[in-house]
Amino acid sequence: MKKYDYLIVGAGLFGSIFAYEANKRGKKCLIIDKRDHIGGNIYCKNIEGINVHQYGAHIFHTSNKKIWDYVNSFVEFNRYTNSPIANYKGEIYNLPFNMNTFNKLWGVVTPQEAKGKIEEQKRELGIIEPKNLEEQAISLVGTDIYTKLIKGYTEKQWGRSATELPAFIIKRLPVRFTYDNNYFNDKYQGIPEGGYNLIIEKMLENIEVNLSTDFFKKREELSSLAEKIVFTGMIDEFYNYKFGTLEYRSLKFEHETINSENYQGVAVVNYTEREVPYTRVIEHKHFEYGLQEKTVITREYPVDWKIGDEPYYPINDEKNNSLFEKYKELSLKEKNVIFGGRLGNYKYYDMHQVIEVALDTLRKEGI
Ligand code: FAD
Ligand code: UDP
């Protein structure tokens with residue numbers, strides 16, 4: 001008999017849900033994380049009374065009522081609706097691409113006029129079947145928006161040309177012919193009142209947690225403690241990169257406390273020109289309508305990833321996806337290891353998707 005039913009590697013959203021649900025069903029769990037805090041990338045640090053999203057802006061959104069009810073059972077969510085703006089060389093545009101954006105750019109007033117403009121620009125390039133992000137973007141919004149609001153942002157975010165990126169990345173963003181600045185189409189959206197940490201703290205209330213513990217530093221010892229392992233780190237690292245390294249994109253976050261009550265008037269400003277080295281500036285207090293005297297902002301700089309850096313984004317192009325398939329094949333043969341989360345499944349998951357997959361994984365485990 002081993003001491004634990006499950007050793008869970010990673011105290012992010014996936015690992016924490018698994019631990020919480022398994023514990024509820026009488027399973028004994030140990031959760032570890034190499035970081036010195038729980039929550040993974042949704043972790044917030046309280047600075048000047050403001051919940052600062054340490055690893056980038058996190059806005060919860062879903063159309064699945066069950067998932068919405070699930071997160072709200074841990075903490076109440078506020079009515080925050082993400083309406084970021086884009087700053088291109090000092091010009092301000094509304095996001096996502098909608099009638100406000102089209103009006104500012106072209107002076108068009110009606111949806112018909114906006115559609116006409118886009119069609120005209122698309123026709124000039126003769127794109128029928130978009131093959132990459134650039135062609136997909138031009139097909140959706142035309143060359144003017146592509147040049148000012150997409151190309152520069154995308155190429156610095158991903159460190160490669162938009163012609164080398166998969167089209168699906170740009171399809172994350174709505175294109176709307178209404179005057180609606182809501183960044184998401186989902187039915188439910190908000191920020192947990194009091195911050196994301198409250199959710200993870202509740203989930204791990206009755207779970208043994210070992211922080212600053214890297215699985216790979218004591219692999220054998222840790223593995224021997226439990227019947228099964230739930231692994232939410234990098235799947236290629238788990239297999240010692242035997243087929244090669246999957247590529248990721250990393251980020252550098254620069255947090256600054258400012259002696260001002262309101263710095264930019266909105267939570268998220270995207271800097272879409274290539275020359276500005278960061279992609280976004282986040283002003284955290286606006287997520288929770290904070291009235292503090294000071295404010296905290298974060299500049300988000302995309303950076304190249306190499307082994308040892310934080311792997312924030314999987315790069316789901318064809319080359320990496322086919323390499324992932326090889327690792328996945330190995331993983332399916334494992335009887336005692338379950339892979340989950342953004343890194344374990346090498347997928348550009350948002351939070352609601354991670355929750356869906358975690359609950360599904362528990363169902364498949366039959367617990
Ligand atoms: P993670 O949160 O990455 O957790 C994995 C954990 O495993 C980490 O804590 C890591 O330290 C630990 N770990 C890894 N390897 C080891 C090891 N060897 N030993 C011990 N521990 C290990 N989603 C949204 O829905 N809305 C948003 O607005 C949004 N914004 C985002 C912005 C950014 C910049 C990023 C990067 C992501 C964003 N996401 C957003 C996605 C969201 O962060 C993820 O869907 C979710 O947090 C993933 O949870 P996870 O448990 O899979 O991974
Ligand atoms: N994007 C862009 N301009 C913007 C915002 C987004 O070109 O102002 C593109 C960019 O390629 C980005 C993708 O749309 O990677 C998806 O944006 P999202 O905001 O969903 O990215 P995330 O929050 O996941 O980093």
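Worth saying up front: this structure is predicted, and the values here are computed from it rather than measured. Counting convention: from 1, in listed order, for ligands and their atoms alike.
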Exercise. What residue and heavy atom of the protein are closest to atom 18 (N) of ligand 1, and at what distance?
Worked result: D214 OD1, 3.0 Å
For this session: Identify, by atom number and element, the atoms of ligand 1 in contact range of G10, meaning under 4.0 Å from any of its heavy atoms.
Result: 6 (C), 7 (O), 12 (C)
Problem set entry | D69 and K65 ion-paired at < 4.0 Å | yes
Problem set entry | Ligand-residue contact atoms, ligand 1 with L251, heavy atoms, under 4.0 Å | 34 (C)
For this session: Could you pull out, from F97, Y271, Y348, the option with a heavy atom nearest to atom 21 (O) of ligand 2?
Result: Y348
Problem set entry | Identity and distance of the protein heavy atom lying nearest atom 6 (C) of ligand 1 | D33 OD2, 3.5 Å
For this session: Measure from the side-chain N and O atoms of E288 to the backbone N and O of E193, and report whether any donor-acceptor pair falls under 3.5 Å.
Result: no
Problem set entry | Nearest protein heavy atom with distance in Å, relative to atom 52 (O) of ligand 1 | R342 N, 2.9 Å
Exercise. Is ligand 2 under 4.0 Å from a heavy atom in the side chain of L173, in the backbone, in both, or in neither?
Worked result: side chain
Exercise. What closest approach, in Å, do A162 and Y146 show between heavy atoms, and which atom pair accounts for it?
Worked result: CB-OH, 3.2 Å
For this session: Decide whether a cation-pi geometry holds between R35 and Y55; the criteria are a distance under 6.0 Å from NZ or CZ to the six-membered ring centre and an angle within 45° of the ring axis.
Result: yes
For this session: Give the residue and atom name of whichever protein heavy atom lies nearest to atom 22 (C) of ligand 1, and the separation in Å to one decimal.
Result: K34 CG, 3.8 Å
Seminar exercise, completed: Numbered in order shown, the ligand 1 atoms found under 4.0 Å of a heavy atom of I42 are 47 (O)
Problem set entry | Check: E247/N320 side-chain N/O donor and acceptor closer than 3.5 Å | yes
Seminar exercise, completed: One finds that the ligand 1 atoms under 4.0 Å from a non-hydrogen atom of T213 are 19 (N), 20 (C)
Exercise. What's the shortest distance from atom 5 (C) of ligand 1 to any protein heavy atom, and which residue and atom give it?
Worked result: T232 OG1, 3.7 Å
Exercise. Under 4.0 Å from any heavy atom of F14, which atoms of ligand 1 are there?
Worked result: 51 (O)
Problem set entry | Output field: ring centroids F215/F231 closer than 6.0 Å | yes
Problem set entry | Nearest neighbour in protein (non-hydrogen) for atom 46 (C) of ligand 1 | V354 CG2, 4.2 Å
Exercise. What atoms of ligand 2 come within less than 4.0 Å of a heavy atom belonging to L95?
Worked result: 8 (O)
Exercise. Are the ring centres of F102 and F97 closer than 6.0 Å?
Worked result: no
For this session: Kindly identify the option in Q157, H352, M351, H53 whose heavy atom sits closest to atom 24 (C) of ligand 1.
Result: M351
For this session: Please identify which atoms of ligand 2 are closer than 4.0 Å to at least one heavy atom of Y313.
Result: 22 (P), 24 (O), 25 (O)
Exercise. What class does the angle between the rings of Y6 and F18 fall in, given that below 30° is parallel, 30 to 60° is tilted and above 60° is perpendicular?
Worked result: perpendicular
Exercise. Looking only at protein heavy atoms, which one is nearest to atom 1 (P) of ligand 1, and how far off is it?
Worked result: N41 N, 4.1 Å
Exercise. Which residue supplies the protein heavy atom nearest to atom 4 (C) of ligand 2, what is that atom called, and how far is it?
Worked result: N270 ND2, 3.5 Å
For this session: Could you tell me the residue and atom name of the protein heavy atom closest to atom 11 (O) of ligand 2, and the distance to it rounded to 0.1 Å?
Result: T154 OG1, 2.8 Å
Exercise. Taking the side chain from K104 and the backbone from Y93, do they hold a donor-acceptor pair closer than 3.5 Å?
Worked result: no
Problem set entry | Distance-only polar pair, side chains of Y4 and E208, donor-acceptor under 3.5 Å | yes
Exercise. Okay, side chain of D5, backbone of K28: is any donor-acceptor separation there less than 3.5 Å?
Worked result: yes
Problem set entry | Heteroatom distance test (G233, ligand 1): nitrogen or oxygen, under 3.5 angstrom | no
Seminar exercise, completed: For atom 1 (N) of ligand 2, the closest protein heavy atom turns out to be Y153 CD2, 3.7 Å
Problem set entry | Contact partition for L149 relative to ligand 2, non-hydrogen atoms under 4.0 Å | backbone
Problem set entry | Distance filter under 4.0 Å to R280 heavy atoms, resulting ligand 2 atoms | 19 (O), 22 (P), 23 (O), 25 (O)
For this session: May I ask you to identify the nearest protein heavy atom to atom 28 (O) of ligand 1, giving residue, atom name and distance to one decimal place in Å?
Result: I59 N, 2.8 Å
Exercise. Evaluating non-hydrogen atoms only, which member of Y183, Y312, Y55, F216 is closest to atom 34 (C) of ligand 1?
Worked result: Y55
Problem set entry | Numbered atoms and elements of ligand 2 in range of Y183, under 4.0 angstrom, heavy atoms | 5 (C), 6 (C), 17 (O), 18 (P), 19 (O)
Seminar exercise, completed: Heavy-atom nearest pair, S83 first then Y80, reads N-OH, 4.4 Å
Exercise. Judged by atom type as modelled, is there a donor-acceptor pair below 3.5 Å linking the side chain of T213 to the main-chain atoms of L211?
Worked result: yes
Exercise. Does a salt bridge link E164 with R160, judged by any charged N lying under 4.0 Å from a carboxylate O?
Worked result: no
Problem set entry | Part of S16 with heavy atoms under 4.0 Å of ligand 1, whether side chain, backbone, both or neither | neither
For this session: Please indicate whether E76 has more than 12 foreign heavy atoms, meaning atoms of other residues, nucleotides or ligands, lying under 6.0 Å from its CD.
Result: no
Exercise. Looking only at heavy atoms, what is the nearest atom pair of I118 and S139, with distance?
Worked result: CG2-O, 4.2 Å
Problem set entry | Contact atoms of ligand 2, heavy-atom distance to Q157 under 4.0 Å | 15 (O)
Problem set entry | Atom indices of ligand 2, in the order listed, that fall short of 4.0 Å to a heavy atom of I169 | 11 (O), 13 (C), 15 (O), 16 (C)
Problem set entry | Winner among F231, F215, Y313 once heavy atoms are compared against atom 19 (N) of ligand 1 | F215
Exercise. In terms of atom number and element, which parts of ligand 2 are under 4.0 angstrom from non-hydrogen atoms of I150?
Worked result: 7 (O)
Exercise. What atoms in ligand 2 come closer than 4.0 Å to a heavy atom of T272?
Worked result: 8 (O)
For this session: Please indicate whether any nitrogen or oxygen in G341 is less than 3.5 Å from any nitrogen or oxygen in ligand 1.
Result: no
Exercise. Hey, are K66 and E356 close enough for a salt bridge, meaning a charged N less than 4.0 Å from a carboxylate O?
Worked result: no
Seminar exercise, completed: Heavy-atom proximity to atom 43 (O) of ligand 1, picking from M234, H58, K218, points to H58
Exercise. Counting N and O atoms only, with roles assigned by atom type, does the side chain of H61 sit under 3.5 Å from a partner on the main chain of Q189, one being a donor and the other an acceptor?
Worked result: no
Exercise. In terms of residue, atom name and distance, what is the protein heavy atom nearest to atom 20 (O) of ligand 2?
Worked result: R172 NE, 2.8 Å
Exercise. Can you check whether Y346's main-chain N or O pairs, donor with acceptor, with N316's side chain at less than 3.5 Å?
Worked result: yes
Exercise. Out of curiosity, is N82 lining ligand 1, as in a heavy atom under 4.0 Å away?
Worked result: no
Problem set entry | Any Y349 heavy atom less than 4.0 Å to ligand 1 | yes
Exercise. Under 6.0 Å between ring centres, would you say that holds for F243 and Y327?
Worked result: yes
